[in-house]
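Notes to accompany the following structure.
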Amino acid sequence: MGCCCSIKSPSQTTLGREVECPKCQQVFPSYTTNHAFNDHLDNCLMSSQQNVSRIEDYRGIKYWEKVQNEQGFQWILKEYNPILQINEQKIQLEPFGQKQVWFRAKLEKLRIPWQNGCTILSISQNQILESSLESIMELKSRLLHGELKINFQEDQKVQDAGGLLREWSTSILQQLVNLGYLQKTETKELTYKFNPNVQSNSFDKRQLFSFLGIIVGKCLFERIPLSSYLDRTIIKHILRQKIVLEDIKYFDEDLFYSWQYLLNNNIDQLDLYFQLEYFGKTINLKENGCEIKVSDSNVQEYINLNIFYYTQQFLEPYLSDFLTGFYQIIPKTLLRIFKPQEFEMILFGLPFIDLQDWSKYTIYKDCSAEDYFIQWFWQILSTWNQAQLSQFLRFCTGSTRVPVEGFSKLESNRGEISYFCIQASNFDNENPYPKAHTCFNRLELPKYQELQTMEIFLKATIHEALEGQFGLE
């Protein structure tokens, strides 16, 4: 048990921060005296014959307890998370859902509370990657566990309440794909692997891959699903697990099937040696590899060495730089509980957008689900494909994917459950477009008078650059 906020003495002048009564939810501002707050708790909590009131959320249990000390009776806010009492060996045997809660709870212990202030990244809209790299690499690693906000040098009017961080990370990953640092795997899946051979005159490649590790780690820490899938071999490196032949299926299908053929057939007659060709160079897989013939008895060693070179040796030192950046935020010891498929679910979220789930966990402001224009809204979205839905979700929330638990676990930037919200607004001919507040997962939807008009302007949000920045307003 630990004390998250303690009222030690009536002689203390003020609370120092906003505090909410756990029973009546009355919010007391930071300038409230401790004496006044204690009096309220006495009257509110004790009036219901309770001396303990509990608040439960995904961080565990917080509760107020009245204790006696040398100053008299005082109310103290304590916290207790029972899942943290489970050790690593036992949690590995639990279902995925329990592992996820344990992992999140462990990460929350590292978080610097937002009340302690935030770190502002000063980003240039015209040089997003360059200025982001410079700003992030200057931060002390401990600050990466605190709240980050994006500030645009060219536009001081754009204020970040958290949504910009999601959109910013999505844009950074897209830039790395566009520049070739992340390249599509040789598979049918839309996944990406590291490209150590990309030509770069503008960036220090080692620094850039370290930066990528920080971005991926920060997204995981903040529960922001990554917009770009990393291939299974990178996942295995993050988890510090051995890469085997089956993983190569997600890296390069031609390599996988050719090596599988070697395992399943008699190859003693093949003219094959412990060498490989890589970008015009012949590389010995082991000492005197050019003289060692591959046979049925040593083919597994040959394949293992190929796997090592393709998925690790050729990626160095950039792979190590990436992992160093990632582990600055996510302790490697917390990752041992996951299987690769489980970790991918947490890191990438759900690849499929379930419209029924989306509408089920939507709330409405200044309108209702029965209003004609709300029914038009869902009717239009039902005709869209997954790519369109993904881009529209990005417009509304800053992320192209949904948490692994679905829309019921959509969160605000500070980790609180924040359902998707549609707020009605009056139609304005001068500015007829919907407006998104990604920090709060809220869409301002004008009351269009025709379904076709609504469809035009909804589609415009994903096809045109309407945004003040990053698709946000």
Side-chain angles (χ1 to χ4, degrees), residues 176 180-189 191-198 205-206 208-210 212-213 216-217 228-268 270-327 330 332-333 335-336 338-344 347:
L176 293 174
Y181 292 95
L182 293 174
Q183 68 175 156
K184 188 181 179 303
T185 56
E186 282 76 24
T187 68
K188 298 181 181 69
E189 305 296 327
T191 57
Y192 295 92
K193 60 183 180 181
F194 295 164
N195 180 11
N197 302 302
V198 62
K205 279 203 292 186
R206 294 196 60 178
L208 196 66
F209 277 97
S210 178
L212 174 59
V216 173
S228 301
Y229 275 101
L230 302 179
D231 86 277
R232 176 64 58 80
T233 64
I234 298 175
I235 299 301
K236 283 287 200 77
H237 280 304
I238 292 173
L239 299 179
R240 302 172 76 196
Q241 296 178 7
K242 182 180 178 180
I243 297 171
V244 297
L245 178 58
E246 193 65 26
D247 300 319
I248 303 302
K249 185 188 297 184
Y250 306 94
F251 177 83
D252 187 315
E253 288 184 353
D254 288 342
L255 288 177
F256 169 75
Y257 287 116
S258 64
W259 293 339
Q260 188 181 59
Y261 175 85
L262 296 180
L263 274 180
N264 297 333
N265 292 274
N266 187 324
I267 59 168
D268 285 337
L270 292 179
D271 189 25
L272 189 63
Y273 294 84
F274 274 70
Q275 293 178 308
L276 64 80
E277 296 290 326
Y278 188 74
F279 281 84
K281 295 181 180 180
T282 301
I283 297 172
N284 283 334
L285 295 174
K286 57 190 299 186
E287 188 176 356
N288 299 320
C290 59
E291 301 173 2
I292 303 174
K293 197 169 186 293
V294 180
S295 64
D296 290 337
S297 61
N298 63 15
V299 64
Q300 186 64 66
E301 180 189 12
Y302 170 78
I303 292 172
N304 290 344
L305 286 170
N306 268 279
I307 291 173
F308 168 74
Y309 270 85
Y310 274 101
T311 66
Q312 183 169 339
Q313 186 64 29
F314 291 151
L315 300 182
E316 293 295 358
Y318 312 115
L319 174 62
S320 293
D321 295 330
F322 167 83
L323 294 174
T324 299
F326 181 86
Y327 294 141
I330 308 296
K332 62 184 74 171
T333 54
L335 301 170
R336 291 189 291 234
F338 292 116
K339 299 173 183 176
Q341 299 90 331
E342 294 173 332
F343 186 66
E344 287 171 348
L347 192 59

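Basis for what follows: all heavy atoms, side chains included, without hydrogens, waters or symmetry-related copies.
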According to salt bridge (Lys or Arg N to Asp or Glu O under 4.0 Å), who are the partners of [X], at least two apart in sequence or on a separate chain?
X: Glu189; value: none
X: Lys184; value: none
X: Glu246; value: Lys249
X: Arg206; value: Asp321

Practice item. Determine, using ring centers only, whether Phe322 and Phe194 are less than 6.0 Å apart. Key: yes
Point to revise | Close aromatic pair by centroid cut-off 6.0 Å: Phe251 and Phe256 | key: no
**Study point:** Set of side-chain hydrogen bond (donor to acceptor under 3.5 Å, both in side chains) partners for Asn197, sequence neighbours left out
**Key:** Tyr278
Check your understanding: Just wondering, more than 12 heavy atoms not from Lys339 lying within 6.0 Å of its NZ?
Key -> no
Practice item. Would you sort out whether Asn304 and Gln300 count as a side chain to side chain donor-acceptor pair (under 3.5 Å), showing the intermediate values? Key: CA-CA 6 Å; Asn304 290 344; Gln300 186 64 66; 3.0 Å; yes
**Study point:** Verdict with supporting geometry, Tyr318 and Lys205, side-chain contact (heavy atoms from CB on, under 4.5 Å)
**Key:** CA-CA 7 Å; Tyr318 312 115; Lys205 279 203 292 186; 3.3 Å; yes
Practice item. Tell me, please, which residues at least two apart from Ser320 pass side chain to side chain contact (heavy atoms under 4.5 Å, CB included). Key: Glu316
Practice item. May I have the step-by-step check of side-chain contact (heavy atoms from CB on, under 4.5 Å) for Tyr327 and Arg240, ending in yes or no? Key: CA-CA 12 Å; Tyr327 294 141; Arg240 302 172 76 196; 3.4 Å; yes
Check your understanding: Hey, are Asp231 and Lys193 close enough for a salt bridge, meaning a charged N less than 4.0 Å from a carboxylate O?
Key -> no
Check your understanding: Between His237 and Ile243, is a side-chain contact (heavy atoms from CB on, under 4.5 Å) present by the stated rule, with each step listed?
Key -> CA-CA 8 Å; His237 280 304; Ile243 297 171; 3.3 Å; yes
Check your understanding: Parallel, tilted or perpendicular: which fits the ring planes of Phe314 and Tyr310, with parallel below 30° and perpendicular above 60°?
Key -> perpendicular
